[in-house]
Structures are given as structure tokens and as C-alpha cells.
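Report on one structure; see the data block that follows.
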4 protein chains.
Amino acid sequence: MATKSLDKAQKEQAILQTASLFFARDGYRNTDVQAIADEVGVGKGTIYRYFGNKEALFRATANAAMEHLVSELRPILTREGDPIALIKEVALAYCRFYSQHPHYVEILIQERAEFRGSIPDTHLIYRAKNRSLFEDLLQRAMALGLIRKLDVNSVTTAFANTLYGTVVCGCLQGQSDDLVALAVPAIDLFLTAIQVDNGVTL
Amino acid sequence: MATKSLDKAQKEQAILQTASLFFARDGYRNTDVQAIADEVGVGKGTIYRYFGNKEALFRATANAAMEHLVSELRPILTREGDPIALIKEVALAYCRFYSQHPHYVEILIQERAEFRGSIPDTHLIYRAKNRSLFEDLLQRAMALGLIRKLDVNSVTTAFANTLYGTVVCGCLQGQSDDLVALAVPAIDLFLTAIQVDNGVTL
Amino acid sequence: MATKSLDKAQKEQAILQTASLFFARDGYRNTDVQAIADEVGVGKGTIYRYFGNKEALFRATANAAMEHLVSELRPILTREGDPIALIKEVALAYCRFYSQHPHYVEILIQERAEFRGSIPDTHLIYRAKNRSLFEDLLQRAMALGLIRKLDVNSVTTAFANTLYGTVVCGCLQGQSDDLVALAVPAIDLFLTAIQVDNGVTL
Amino acid sequence: MATKSLDKAQKEQAILQTASLFFARDGYRNTDVQAIADEVGVGKGTIYRYFGNKEALFRATANAAMEHLVSELRPILTREGDPIALIKEVALAYCRFYSQHPHYVEILIQERAEFRGSIPDTHLIYRAKNRSLFEDLLQRAMALGLIRKLDVNSVTTAFANTLYGTVVCGCLQGQSDDLVALAVPAIDLFLTAIQVDNGVTL
DNA sequence: CATGAATGAGCCTTCATTCAT
DNA sequence: TATGAATGAAGGCTCATTCAT
């Protein structure tokens with residue numbers, strides 16, 4: 001055949017892709033590196049050559065998942081426009097992302113389960129790296145008088161945790177294909193709570 | 001000596017307790033049943049006699065954790081009084097519980113990681129069994145005109161997911177000893193959102 | 001109940017009986033002493049009190065089987081009458097015995113399989129103890145001129161091995177309920193061969 | 001070194017050979033796969049790679065034994081010449097084979113003891129596959145008027161069982177190095193019985 | 001005497017990782 | 001550079017035996 005073998009980058013991507021699916025479907029510990037190699041069509045040694053060991057391979061999949069997520073959310077977070085609308089939009093995009101890639105949720109759970117404590121959670125690293133963008137949105141909304149004076153940090157954490165809880169529990173309950181619908185009430189409650197004129201001081 | 005050895009129930013509890021800590025600290029797959037036996041001071045065979053196999057032992061710890069949680073929340077959920085106050089109280093109790101028993105969070109994560117799909121998640125079974133009590137509180141509050149007309153089911157789910165996300169992410173970030181403080185903003189946002197006179201229609 | 005528990009001898013017999021069936025059905029190594037105890041309805045400790053250990057229990061079943069066999073064959077071997085007829089009769093009785101108690105065949109195989117070499121085979125001990133009775137029959141027949149001059153020892157061994165082979169292979173092939181029919185041709189060939197007037201010198 | 005390690009087929013043979021000896025000497029259940037690996041000088045994993053599991057390894061030894069036996073008997077069974085002489089020759093070869101490889105007898109016993117019923121006995125499978133060759137010899141002898149009119153099937157079974165009984169009992173009695181001498185009387189009795197001019201109708 | 005809970009040595013099997021080709 | 005055969009540490013589970021009650 002013409003392209004008998006993929007080039008290095010393509011092969012790495014193929015391994016990552018397959019590993020991701022296997023880790024999500026079978027769990028980290030139940031996934032045999034050999035099975036990934038067989039599925040991709042490379043030797044087991046190649047995987048070790050590319051990724052060093054099983055743990056590193058796994059982490060690479062977790063990172064790729066988060067990179068993927070960020071690549072979808074960043075454009076929204078950095079877009080001009082009504083901050084309230086953007087907050088809603090990014091929240092929905094977050095849910096839609098996991099709805100389209102439910103195995104990423106499993107990856108996050110697997111990571112925590114297997115490596116709890118030994119290294120910082122990839123999910124939280126990415127949250128930390130990007131939360132300032134979300135906080136900027138809140139600041140902007142506050143400056144425009146669209147939302148009440150709130151502790152931006154606490155509210156960001158609360159919202160992030162709410163979305164996380166919704167996505168994870170939704171997937172656990174087999175509603176991964178409808179995470180958006182599941183999240184809408186939670187998002188609306190959040191927006192309701194932060195907006196002005198509700199006569200309540202938080 | 002008087003109490004040379006524990007009675008059957010005590011021994012079972014001791015095994016469950018130790019298993020719980022080991023599973024939480026090392027993960028399900030990284031925990032050697034022998035290590036649990038050694039720590040408890042019984043033979044490995046005794047553990048197998050009591051629980052059948054490693055998986056059953058693990059599930060027993062997950063169940064015990066949930067029973068424990070329920071035993072703390074039920075009295076609040078079934079208490080008379082201001083529903084809004086009770087909602088807040090039960091949410092705080094939920095967080096306090098996990099703050100005091102952070103390893104239970106790990107147990108839930110481990111369960112999902114290892115047995116995803118093969119059996120319904122213990123956490124969700126318990127949530128399902130007890131959610132009607134929470135919904136009753138919302139209904140009561142609604143009847144009293146304390147909160148807006150909302151879809152009780154959706155709101156319950158949203159709130160449960162929020163608390164779950166807060167607890168899990170809090171533990172992941174090493175803030176397990178202060179889950180209550182972490183949750184307060186989220187709880188207040190929720191209460192703000194559902195209460196009347198905020199001029200917003202959900 | 002009146003006879004709440006069996007007396008010592010009865011209990012020993014019951015254990016032996018059950019052990020025999022279990023060892024034959026499941027094999028020595030696959031038989032759990034606990035299972036025997038449960039089936040008999042006694043404590044496991046009782047079995048150990050009566051028989052010492054699993055191996056001794058097994059040997060006791062092998063011995064009982066052989067005692068049983070001998071108790072059926074002896075009367076024939078020691079009976080007066082036509083030696084040729086008695087030879088045939090004892091051979092048929094041997095086969096009939098195993099046809100009626102096919103699990104004894106398994107016991108013999110199990111014994112050999114598990115204890116090969118470590119102790120003399122029960123089956124062969126009994127054969128040795130009783131072969132002189134068979135040889136007496138041959139001597140008698142020879143003295144009466146009914147059979148040719150043969151080496152009694154060799155012929156006895158040859159016949160015993162033939163019957164053994166027939167019984168064992170018959171059972172292995174699932175023809176344990178018809179060992180007699182299977183043996184008749186072999187027995188007749190044997191009788192034909194040893195009798196006079198066949199013009200052949202062995 | 002030139003032949004640093006054995007090639008695949010050689011290694012498989014070495015494992016089979018060693019396994020065969022261990023299973024025969026210690027019994028199936030008492031043989032530790034690790035011990036075989038150590039003796040052969042390979043890792044335990046290698047054995048599992050080659051044979052899958054302990055049972056399959058065992059069955060492979062049983063099959064190899066039978067293939068070996070057949071490879072020795074077939075040339076005789078298919079040779080031209082005096083059928084009576086060939087019958088005697090093949091019988092002697094059968095005994096000589098087990099005399100030279102007495103551990104194969106143990107393998108057959110072990111197989112039956114451990115797997116009774118769960119799978120057809122290897123020994124009997126091979127007997128079934130090759131008995132027609134022996135029956136052909138009998139037919140030929142009958143056609144030539146060398147032996148009486150007999151039921152070929154019954155006689156074949158009788159003879160096979162006789163040889164089996166002789167070999168097994170011979171080995172059990174520690175006479176494995178002289179099975180041929182042990183069998184000669186039985187073989188001669190058989191040949192005497194089937195040949196013509198003995199004035200008896202079976 | 002009888003019991004059966006407790007024990008722990010023993011063994012099969014898996015799979016991450018290595019390294020000779 | 002790619003491969004995949006070989007490795008062996010690790011761990012789940014069983015069950016004969018003991019002994020306190």
C-alpha cells in the first residue's frame with residue numbers, strides 16, 4: 001500500500017486515540033498495553049518508545065483530552081460580547097464537549113482513581129490555567145452592573161464544581177448524550193443567582 | 001484476657017474500616033487483601049470468609065459509607081421546621097460528612113473507576129433512594145411560598161450535582177478538611193436562585 | 001428426634017460412604033473436606049477426629065472398597081466345585097461388582113494419581129492377598145486335567161490385568177453399567193486359551 | 001555463543017518434556033508450573049505464553065505422549081506380512097514403548113484423575129483413531145484362515161484392555177522396566193485363543 | 001467429644017517492562 | 001527504529017488443618 005506506515009506524529013496520535021478509548025472503556029488497570037498495540041497495529045515496544053511507560057501514556061491521553069477541551073472553550077472565553085451570554089455559552093460548550101466525548105470523563109475519573117495524590121489532577125491543572133479567563137468574564141459583567149458584587153473566586157469555583165458534578169453524575173447515570181439538557185437548569189439557577197435585582201445579598 | 005478477640009460483628013467492622021482506608025489511600029487495584037488482613041490482625045482467609053472476594057469487600061465498604069452518610073442526613077431531611085433552613089442544613093451536613101470522612105470520596109471514585117458500568121454506582125443508588133425526601137422539602141417550601149415555582153426534579157438534580165462536584169473537586173484539590181467553607185458560596189447561590197422576589201423567571 | 005445422632009460406628013460409616021462418593025465424583029484434590037462434612041451433617045473437626053487427615057480418610061475409603069470387593073469374591077473363590085466354572089464366575093463377579101459400584105474404580109485411579117509411589121496401591125495389596133486363592137483354582141483345574149500345564153503365576157497375573165484393564169477402560173468409556181458384557185469376550189478368550197486340546201503349547 | 005537460546009519449537013519441546021516428567025513424578029495437582037519453568041530455565045510467563053494455562057500444558061503432554069506412541073505403532077500396523085506376527089509385534093512394541101517411557105502411563109492416569117468426564121480421555125481418543133488398523137490385521141488373519149471367526153470388534157477391545165491392564169498394573173507394581181516380559185504370557189494366551197484348531201467355538 | 005471459625009502456605013495467572021534481533 | 005518474545009514480580013483465592021469453645 002502507498003502509505004504503508006504512518007509518520008511519527010500520526011502514529012503517536014493513533015496510539016493516543018486508541019489508548020484513550022481503551023482506558024475509558026476498560027479502566028486504566030484493566031487495559032493491557034498489548035491490546036492498545038494490537039488495535040493500533042504497532043508493536044508494544046513502539047508504544048514504550050513513544051511514551052515511556054503505561055502511566056505516561058495515560059497522562060498523555062488525559063492531557064490531550066484537556067487540550068481538546070480548552071481548544072473548544074478558549075475561543076468562547078476570549079470572545080468579545082455580552083459576558084452573561086458568554087458565560088452561558090461556555091458552560092453549554094463545556095457540557096456539549098463531554099456529551100460528544102464522554103470517554104474523557106472516564107479518563108478523568110481513572111486518573112484520579114489510579115494516581116490520587118501522586119500527581120496533580122490534569123483536570124484541575126487545566127481548570128487553574130483557564131479560570132482567570134472565566135473570572136475576567138465575571139469581572140466584566142460586574143463592571144457593567146450585570147451581576148451583583150460577588151467574590152469572583154468563590155463564584156467561579158462554585159460554578160466550575162457545579163458543571164463538573166453535572167457532567168460526572170450525568171455520565172455515571174448514562175445520560176452522557178444529554179448532558180446539556182441536564183445542565184441547563186443548573187446553569188440557569190446560577191445565572192439567576194448572580195444577576196442583580198433579585199433583592200438578595202449573598 | 002477478657003476480650004481476647006472481637007466478636008463476629010466487631011471483626012467485620014474492623015475489616016470494613018481498614019479496607020475502607022486502604023482502598024481510599026492506595027486505590028482498589030493497588031490494595032493487597034493481605035495488607036488489609038495484616039493491618040486488622042486477622043488471616044487473609046478470614047477476610048475471604050467474611051466477604052467472599054475482594055470485589056465484595058470493596059462494595060461492602062462503599063455501602064457502609066453510604067449507609068453512614070444516610071444515617072446522618074435522614075434525621076435532618078425528616079425533621080420538622082423551615083424547609084429553607086433544612087435544605088441548607090442538610091447540604092452543610094453532606095459536606096461536613098465528607099470533610100470528616102474524606103476517604104469515602106475516594107471510595108466512590110474507586111468504585112466508578114473499577115466497576116464502571118458493571119453495576120450501578122452505590123452513590124447513585126443511595127441518591128435515588130433518598131432524593132424524594134429532599135424533593136419533599138422543596139415541595140413544602142414551594143407550598144409555603146418560600147421558593148418559586150420550579151421543576152422540583154430538575155432543581156434537585158442540579159443541587160445534588162453541585163454538592164457532588166464541590167465535594168469531589170474539593171477533595172481532589174486537597175481541601176477535604178474545609179469542604180463546608182468551599183460549599184457555602186455554592187449553597188447560597190442555589191438558595192438565592194430558588195427563592196422568590198428575585199424578579200427572574202426561570 | 002429419637003436418634004438425634006448416630007453412634008460412633010454409624011457416623012464413621014456415613015463419613016466413609018460420603019467421602020467415597022465425593023472422591024469418585026470430584027477427584028481427591030477437588031474434594032473439599034468441608035463438603036463431605038456438610039453432606040454428612042457433621043462438623044469438619046469430627047472428620048479429622050475420626051480419620052486424622054484427608055489422606056487417611058481417602059485411604060480408608062480405598063480400603064473399604066477393597067474389603068467390599070473381597071467380601072464378594074472370597075465366597076466364590078473358596079467354594080467347592082468345577083474350577084473352570086468358578087474362574088468364570090469370579091471373573092464375572094469382579095466385573096459385576098465394579099458395574100454396581102463404578103465409583104470404586106475412580107477411587108483406585110485417584111489413589112494412584114495422588115499417592116503414586118508414596119504407598120503401595122490398595123488395589124494391588126488386595127490382589128496380592130487374594131491371588132493365592134485364584135492360583136489354587138488354577139492348580140486344581142490343572143490337577144484335574146482341565147487346563148494345560150501353565151505357569152500359574154504368569155497366568156494369574158495376565159488374567160488379573162485383563163480384568164483390570166477391562167473394568168478401568170470400560171468405566172473410562174462410560175460403559176460402567178455393562179462391564180460384564182464387555183468382559184465376557186475377554187474371559188472366554190482366556191478360558192479358551194488355558195483349556196486343553198487346543199493343540200497349542202504355550 | 002552460537003546457539004544462545006533454543007528456537008521456538010525446541011523450547012516448546014523442552015517445556016513439554018520437562019512438564020511430562022514433573023506431571024508424572026509429582027502428579028498434576030502437585031506440580032507447580034514454576035518448578036517446570038525453573039527446570040527448563042525459562043520464565044513462568046513463557047510457559048503461559050506457549051500453552052495458555054496449566055491444563056492446556058498438561059493436555060499437550062498427554063497428546064504428545066500419544067502421538068509418540070502412535071508414531072511407533074503405526075509403521076508396524078501398516079506393514080505387510082504375516083498378520084499374526086504383526087499382532088504380536090505391535091503388542092510387544094506397545095509394551096516396550098511404555099517400558100521405555102513409563103512416565104507416560106502416569107500422565108494417562110493423571111489425566112483421568114484430574115479431568116474425569118470433563119473431556120474425553122486422550123488415551124481413548126487415540127485408541128479409537130487407530131483401532132481400525134488393528135481390526136484390519138484381524139480381518140486379514142481371518143481371511144487367511146489363520147484365526148477363527150470372531151467378532152473383530154470384541155476381540156480388539158479385549159486385547160486392547162488386556163494390554164492396557166498389563167501396562168498400568170505393571171507400572172503400578174514397579175515393573176515398568178520389564179513390561180514386555182510381563183505381557184508375553186498375556187499376549188500368548190490371546191494368540192492361542194484366537195488361532196484355529198483349538199476345537200472351541202467362542 | 002463435637003464443632004466450625006480462623007489460619008496462611010501454596011499456586012495459578014496476569015501484564016508492565018525489557019532487550020535482542 | 002520497530003518489534004514482540006521473554007520475563008518475573010505481584011496478588012487473588014483455596015482449602016487442609018488446628019484449636020478454643
Side-chain angles (χ1 to χ4, degrees), chain A residues 5-8 11 28-38 41-58, chain B residues 4-8 11-12 28-38 40-58, chain C residues 5 8 11 28-38 41-58, chain D residues 4-8 11-12 15 28-38 40-57:
Chain A
S5 57
L6 308 164
D7 71 20
K8 209 172 146 70
K11 210 179 282 187
Y28 176 75
R29 291 303 284 259
N30 293 315
T31 296
D32 190 336
V33 174
Q34 183 68 64
I36 298 172
D38 291 347
V42 298
K44 184 152 51 164
T46 302
I47 292 183
Y48 278 85
R49 164 172 299 282
Y50 279 48
F51 294 94
N53 59 27
K54 191 184 181 182
E55 180 175 338
L57 171 61
F58 179 79
Chain B
K4 191 179 130 215
S5 58
L6 307 166
D7 72 16
K8 209 173 147 73
K11 207 176 285 186
E12 189 171 311
Y28 175 75
R29 291 302 281 263
N30 293 313
T31 295
D32 186 342
V33 174
Q34 183 67 66
I36 298 172
D38 292 346
V40 178
V42 299
K44 181 156 47 170
T46 301
I47 292 182
Y48 279 89
R49 159 175 286 280
Y50 276 55
F51 294 95
N53 59 29
K54 191 185 181 183
E55 181 174 335
L57 171 61
F58 180 79
Chain C
S5 58
K8 208 171 147 70
K11 209 179 284 187
Y28 176 73
R29 291 303 284 258
N30 293 314
T31 295
D32 190 336
V33 175
Q34 183 68 64
I36 298 172
D38 291 347
V42 298
K44 184 152 50 164
T46 302
I47 292 182
Y48 277 85
R49 164 172 298 283
Y50 278 49
F51 294 94
N53 59 28
K54 191 184 182 184
E55 179 175 338
L57 171 61
F58 179 79
Chain D
K4 191 179 129 215
S5 58
L6 306 165
D7 71 17
K8 208 174 147 73
K11 206 178 285 186
E12 188 171 311
I15 292 169
Y28 175 75
R29 293 301 283 263
N30 294 314
T31 296
D32 187 340
V33 175
Q34 183 68 67
I36 299 172
D38 291 347
V40 178
V42 299
K44 182 153 47 170
T46 302
I47 293 183
Y48 279 88
R49 159 174 286 280
Y50 277 55
F51 295 95
N53 59 28
K54 191 185 182 183
E55 181 174 335
L57 171 61

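Values in this document were obtained by computation on a predicted structure and should not be read as measured data. Letters A, B, ... are given to chains in the order of the sequence lines, protein chains preceding strands, and every chain is numbered from 1.
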Value in whole Å for how far the [atom2] atom of [N] lies from [atom1] of [X]:
X	N	atom1	atom2	result
B:K8	E:dA6	NZ	P	6 Å
D:R29	E:dC11	CZ	C1'	10 Å
B:I47	F:dC15	CD1	C1'	17 Å
C:F51	F:dT17	CZ	P	14 Å
A:D38	F:dA5	CG	P	10 Å
D:E12	F:dA6	CD	C1'	15 Å
B:Y48	F:dT14	OH	P	8 Å
B:N30	F:dG11	CG	C1'	11 Å

Can you check whether [X] has a side-chain N or O nearer than 4.0 Å to OP1 or OP2 of [N]?
X	N	value
C:R49	E:dC1	no
C:Y50	E:dA2	yes
C:K11	E:dA2	yes

Between protein and nucleic acid, restricted to nucleotides 8-10 of chain F and to nitrogen or oxygen atoms under 3.5 Å apart, what atom pairs and distances do you find?
{"unit_1": "F:dG8", "atom_1": "N7", "unit_2": "D:G45", "atom_2": "N", "d": "3.3"}

Looking at [atom1] of [X] and [atom2] of [Y], how far apart are the two atoms once the value is rounded to the nearest 0.5 Å?
X	Y	atom1	atom2	value
A:N30	B:R29	CG	CZ	4.5 Å
D:I47	D:K44	CD1	NZ	9.0 Å
A:D38	A:Q34	CG	CD	4.5 Å
A:F51	A:T46	CZ	OG1	11.0 Å

Map C:Y28 and B:T31 onto DNA chain F by nearest heavy atom, then report which one ends up closer to the 5' terminus.
-> B:T31
Could you tell me whether the side chain of B:K54 and the main chain of B:Y28 form a donor-acceptor pair under 3.5 Å?
-> yes
In terms of side-chain heavy atoms of C:K54, which of E:dC12, E:dT18, F:dT17 is nearest?
-> F:dT17
Would you write out the dot-bracket form of DNA chain F, 5' to 3', with Watson-Crick and G-U pairs under 3.5 Å, [ ] for crossing pairs, | for pairs to other strands and . for unpaired bases?
-> .||||||||||||||||||||
Minimal non-hydrogen separation, D:I36 against D:I15, with atom names |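 Closest approach of D:I36 to D:I15, heavy atoms only: CG2-O, 4.3 Å.
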Quick one: closest heavy-atom pair of A:N53 and A:Y48, and the distance?
->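 Between these two residues, the closest heavy atoms are CA-CE2, 3.7 Å.
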5'-most contact on DNA chain E (nearest-nucleotide basis), C:G41 vs D:V33, goes to C:G41
